[in-house]
Asker: 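Mind looking over this structure? Questions follow.
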Amino acid sequence: MATMIPGLLRAGAPPGERAVFDALRDHPGTGGWLVWHGLPIRHHETQIEGEADFVLLVPGEGMLVVEVKSHDRVEVGDDGLWRLGNQAPTPRSPYDQVWDNTRSIRQWIERRAYVAPYPIWQAVWFPNRGGELVAQLEARIDVPANETLTRADLDASRMVTSIIGVLRHGRSEIERRVPAFGADRPDAQDVAEAQQVLVPSISFHRTMAERREERQRSLREATERQEQALQYFAGNPRLIVEGPAGTGKTNVAVRAALLAANRDERVLLTCFNMRLEAELRHRLRTRDDITVARVHQLMLAYSGLTPPAGADDAWWNGTLPAATLAVTRAPGFAPPFTALMADEAQDLARESTLDVLDSLLVGGLAGSRAVLAGDFTRQDIYRPLSALPLVSDTANPPAPPDPANSRLEAIARRVIPAATMSLSNNVRQSPQLAELIERMLHTEFYLGYDRGVDEDEPDEPPLTIHRYRDEAEQQAALQQTLLALWDDGWDPPEILILSPRRASAASRAKGAVADALAHHDGDANGTPWGTVHAFKGLEASVVVLTDVDGTTPQWEDLLYIGATRATERLVVLTTLDEIADRAPLPGRSEW
C-alpha cells in the first residue's frame, strides 16, 4: 500500500478525491509509492499559489501530478468554455490547471536540487465519469492524448496499470526532446530526495506568540476582499487599493509583488517607513527576485548623496529627488523595474517622489504594472504643517483642504488608466477589539468581519482606557499597565509602547519600566517603544498608547494610527475626557 502524505484525508475533500485517496492507499500494488494529497504550491509559476490534488511518486516510473474533477457534469461548449458541475464557466481547462501545477513542481525541484532523472508528468482524473469521456475529450485539439483517467481506472484490476501507462507515455514524450532517463528511476534515493525537496520534515515547539502570529497570518490570507483585489490586478495592470488600517493592504501589496515576480516581472516593493521596509523584507526574505526598499533609500542609492546633519523636508523632498532624477533621467539610463508595488502609498504621493518612481519603471507609472495601496483618508500624517489652513476669521473659518483627495488625485493622475477598489473588512483585530476602537474614536471605518467566533476571545474587554492628570500619574499608570500585562502572560517583546511624540512617557521612564524597555531597535529582550510615526504600517499583539493629551498636531490622526496597530490588546493613557467618556467602555479607570 502507498505511503499517504498526510495520512488522513483532508477535511471537506470531494467524494471523487476520497475515492482516489482510498484506492491509492489500499491497493496492494502501490507498495513503495509516495502519494501527496492536497499538496499546496506556494511558489506557483502562473498564480499566487496553487494546489495539486495528488502527486504520485512511483519507483521505477516517475512522478505524476493529478488533478481530480469529481463532477458528474463535464461540458465544453462551442464558446470554448468548460462547465464542470455547477461551477461558473471558465476558459481554463483542467488540463491547463494540471499542466501549470506540474510545471511549477518541476521548476521548484530544479531550483532546489537538480533536473529530475525521471519523468514528471500529469493527468486529469474524472472518477465519476466513464471511459466514453476519454474519446470525446481527446477529439478536441486542446486536450492531450493519454492524460485522462476515469471511473474505470479506479478498479483494482487496472488502476496501477493505468497510472503506469500514463507515466510511460509521459516518459516517451519527454525523451523525444531530452536524453533518456534511467530505466529504474526514481529509485529509493530519488524518493527520499524528492520528499526532502518538496516537503522536508520540520520539528519545533511553537510559543504562544507564534500561535498568535499564525492565527493573524491565516486571517490575512483568508480575506475575501483581498483576493478580489488580486483578481483585479490579474486583469488590470494598474490598481489603486484604498482602505483603513487593518484591512490587509500590506498583504495585498506583498501578494501582488509575488504574483508579478512569478510572471518574471522585475518587481520593486516600496514604502516610506523604515520599520515597514524591514517588515516587508522579512516577509520576502526568501525571494531574491523582489527588490524591497523604501523610497528615500532608493534615492540615496541612485544619487550617491549622504544626508547632511539635520536634513529637513526641503532636502529630503527637494534636493534628494532632484539629484536622483539627474541620474535616472540622464541619457542611457535603463529603468531597472517593470512592476511597482507600494504600501502606505499616501506617504509617497508627493510630485517629486512620484517623478522618481516614474523614472525607475519601464514605461513609467502609466505604462508598467502597479499596485498602490494606502489609507488616503486617515493616515496622511506626513504632510507639512504649512499645508494646513491659517484661520484669520474665527467666525467664518475657511474649509480645510481635503488631503485625501489631493494625495489620491496626485497618484491617479500618474497611474492611468487604473482600476480602483476599497477594502473595508477588518482582518487585524478581533471583532470585539475593533468595535471598541471604533467607539473610542467615535467613528466607523470597518464594515464587517468575515470571521467566525474566536474561541480564544478574552472574557475581559481587550481595550482599557486610563485617565491621568499629570506626568507622575501617567508614569504610575504605565507601570501598573505593564505589571498587569506581565501577570496576564504577555512577554515584554510582545508589548509595543507608542506615543504621538518623541518626548514620550517611555523616554522619561524610570525603575521597573525603564528596565523593561528595549535599549535599541531589534533588542529581542525588551519592550519596543517609539513614536506612532516610526511604527506606521506595522502591528503588535499589545499596544500601550501614551501621551494622549491633545497637544500634538494631528493628534486625532495619530491616535487612530496608534490604536489600530494593536491586534489583541490596547491600553490608552489619556488626559482627555472626550476620549475617556466617549463611550461606556468596560475597564476604564482613573489613577
Side-chain angles (χ1 to χ4, degrees), residues 9-24 36-41 44-56 64-105 121-155 158-159 162-163 165-166 169-170 222 224-236 259 262-263 419 421 450:
L9 191 70
R10 62 177 174 171
E17 288 187 27
R18 180 178 296 276
V20 173
F21 183 94
D22 292 344
L24 291 168
W36 287 274
H37 172 233
L39 178 66
I41 306 175
H44 205 279
E45 297 299 316
T46 60
Q47 57 197 58
I48 285 292
E49 60 186 21
E51 182 181 276
D53 291 335
F54 290 93
V55 177
L56 287 58
L64 186 67
V65 182
V66 179
E67 179 69 24
V68 176
K69 295 301 181 185
S70 303
H71 312 87
D72 294 325
R73 175 195 180 197
V74 179
E75 295 181 4
V76 192
D78 294 337
D79 55 4
L81 298 179
W82 287 73
R83 295 170 175 82
L84 303 175
N86 295 323
Q87 292 182 356
T90 175
R92 191 166 185 248
S93 77
Y95 297 92
D96 297 330
Q97 187 176 351
V98 74
W99 178 265
D100 289 342
N101 287 344
T102 303
R103 183 172 60 179
S104 297
I105 291 173
W121 204 243
Q122 61 279 328
V124 178
W125 203 327
F126 299 95
N128 290 341
R129 294 300 306 268
E132 75 282 352
L133 181 66
V134 177
Q136 297 175 22
L137 289 174
E138 291 184 355
R140 296 179 55 87
I141 194 172
D142 57 348
V143 174
N146 301 308
E147 293 184 21
T148 305
L149 300 171
T150 65
R151 181 174 57 228
D153 298 305
L154 284 173
D155 190 273
R158 60 181 293 175
M159 183 186 74
S162 296
I163 291 172
V166 173
H169 168 74
E224 179 181 353
R225 192 64 172 160
Q226 295 177 37
E227 296 301 328
Q228 291 179 7
L230 294 169
Q231 293 174 15
Y232 274 44
F233 180 53
N236 297 274
L259 179 60
N262 288 345
R263 294 179 173 180
M421 74 172 302
D450 291 340

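Computation of the quantities below employed the complete heavy-atom set of this structure, encompassing side-chain atoms and omitting hydrogens, waters and symmetry-equivalent molecules.
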Asker: Can you find a pair of side-chain heavy atoms, one from Val166 and one from Asn146, that are under 4.5 Å apart?
Answerer: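 They are not in side-chain contact.
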
Asker: Sequence neighbours excluded, which residues qualify as salt bridge (charged side-chain N to carboxylate O under 4.0 Å, His left out) partners of Asp79?
Answerer: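 Partners of Asp79 by the salt bridge (charged side-chain N to carboxylate O under 4.0 Å, His left out) criterion, ordered by chain and then number, come out as Arg83.
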
Asker: I need the minimum non-hydrogen distance between Ala13 and His37, along with the two atoms involved.
Answerer: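 Taking Ala13 first and His37 second, the nearest heavy atoms are CB-CE1, 4.3 Å.
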
Asker: Just do the side-chain contact (heavy atoms from CB on, under 4.5 Å) check on Ile163 and Leu24 with the steps written out, would you?
Answerer: CA-CA 11 Å; Ile163 291 172; Leu24 291 168; 3.8 Å; yes

Asker: Taking only residues at least two apart or on different chains, which pairs with a member in residues 123-132 satisfy side-chain hydrogen bond (donor to acceptor under 3.5 Å, both in side chains)?
Answerer: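 Passing the test, one end in residues 123-132: no pairs.
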
Asker: Going by heavy atoms in the side chains, are Phe126 and Leu149 under 4.5 Å from each other?
Answerer: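 Not touching, per the 4.5 Å side-chain cut-off.
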
Asker: Looking only at non-hydrogen atoms, find the nearest pair between Pro94 and Lys69 and report the distance.
Answerer: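 In this case the closest contact between Pro94 and Lys69 is CB-CE, 3.7 Å.
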
Asker: Of all residues at least two apart in sequence or in a different chain, which pass the side chain to side chain donor-acceptor pair (under 3.5 Å) check with Asp142?
Answerer: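 Side chain to side chain donor-acceptor pair (under 3.5 Å) list for Asp142, sorted by chain: Arg140.
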
Asker: Write down the atom of Ile105, the atom of Ala52, and the distance for their closest heavy-atom approach.
Answerer: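 Scanning both residues completely, I find the closest heavy atoms to be CD1-CB, 4.5 Å.
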
Asker: Just jot down the side chain to side chain donor-acceptor pair (under 3.5 Å) partners of Glu138, sequence neighbours excluded, or say none.
Answerer: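 Glu138 satisfies side chain to side chain donor-acceptor pair (under 3.5 Å) with no other residue.
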
Asker: Give me the ring orientation class for Trp121 and Trp99: parallel if the planes are under 30° apart, tilted from 30 to 60°, perpendicular past 60°.
Answerer: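 Rings of Trp121 and Trp99: perpendicular, as their planes differ by over 60°.
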
Asker: Could you pull out the closest heavy-atom pair between Leu137 and Thr148, with the gap in Å?
Answerer: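 Where Leu137 meets Thr148 most closely, the heavy atoms are CD1-CG2, 4.5 Å.
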
Asker: Which atoms form the tightest heavy-atom contact between Gly16 and Val68, and what is the distance?
Answerer: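 Gly16 and Val68 have their closest heavy atoms at C-CG1, 4.0 Å.
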
Asker: Can you name the residues that form a side chain to side chain contact (heavy atoms under 4.5 Å, CB included) with Pro14, not counting sequence neighbours?
Answerer: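 Side chain to side chain contact (heavy atoms under 4.5 Å, CB included) check on Pro14 returns Glu17, Ser70.
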
Asker: Restricting to side chain to side chain contact (heavy atoms under 4.5 Å, CB included), what partner residues turn up for Ala19, sequence neighbours left out?
Answerer: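 Per chain and number, Ala19 pairs via side chain to side chain contact (heavy atoms under 4.5 Å, CB included) with Leu154.
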
Asker: Under 3.5 Å, sequence neighbours excluded: what are the donor-acceptor pairs made by side chains of residues 84-91?
Answerer:
unit_1: Gln87; atom_1: NE2; unit_2: His71; atom_2: NE2; d: 3.3
unit_1: Thr90; atom_1: OG1; unit_2: Arg92; atom_2: N; d: 3.1

Asker: Ser162: what forms a side chain to side chain donor-acceptor pair (under 3.5 Å) with it, not counting sequence neighbours?
Answerer: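 Counting only residues at least two positions away or on another chain, Ser162 forms a side chain to side chain donor-acceptor pair (under 3.5 Å) with Asp153.
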
Asker: Partners of Asp155 by side chain to side chain contact (heavy atoms under 4.5 Å, CB included), sequence neighbours excluded?
Answerer: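 Once residues adjacent in sequence are excluded, the partners of Asp155 under the side chain to side chain contact (heavy atoms under 4.5 Å, CB included) criterion are Ser157, Arg158.
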
Asker: Find out whether Glu75 and Leu81 are in side-chain contact, i.e. whether some heavy atom of one side chain is under 4.5 Å from a heavy atom of the other.
Answerer: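 They are not in side-chain contact.
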
Asker: Is there a side-chain contact between Ile41 and Asn101, using heavy atoms and a 4.5 Å cut-off?
Answerer: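 A side-chain contact exists here, since the closest heavy-atom pair is under 4.5 Å.
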
Asker: Holding to side chain to side chain donor-acceptor pair (under 3.5 Å), I want the full list of residues that pass it with Thr150, two or more places apart in sequence or in another chain.
Answerer: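 Counting only residues at least two positions away or on another chain, Thr150 forms no side chain to side chain donor-acceptor pair (under 3.5 Å).
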
Asker: Once salt bridge (charged side-chain N to carboxylate O under 4.0 Å, His left out) is applied, do any residues pair with Glu147, and if so which ones, sequence neighbours excluded?
Answerer: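 So Glu147 forms no salt bridge (charged side-chain N to carboxylate O under 4.0 Å, His left out) with any residue.
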
Asker: Under the criterion side-chain contact (heavy atoms from CB on, under 4.5 Å), I'd like the reasoning laid out for Gln122 against Gln97: C-alpha separation, chi angles, the key distance, then a yes or no.
Answerer: CA-CA 10 Å; Gln122 61 279 328; Gln97 187 176 351; over 6 Å; no

Asker: List for me each residue that meets side chain to side chain contact (heavy atoms under 4.5 Å, CB included) alongside Arg18, sequence neighbours excluded, and say none if there are none.
Answerer: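 Checked Arg18 against side chain to side chain contact (heavy atoms under 4.5 Å, CB included); matches are Leu9, Asp22.
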
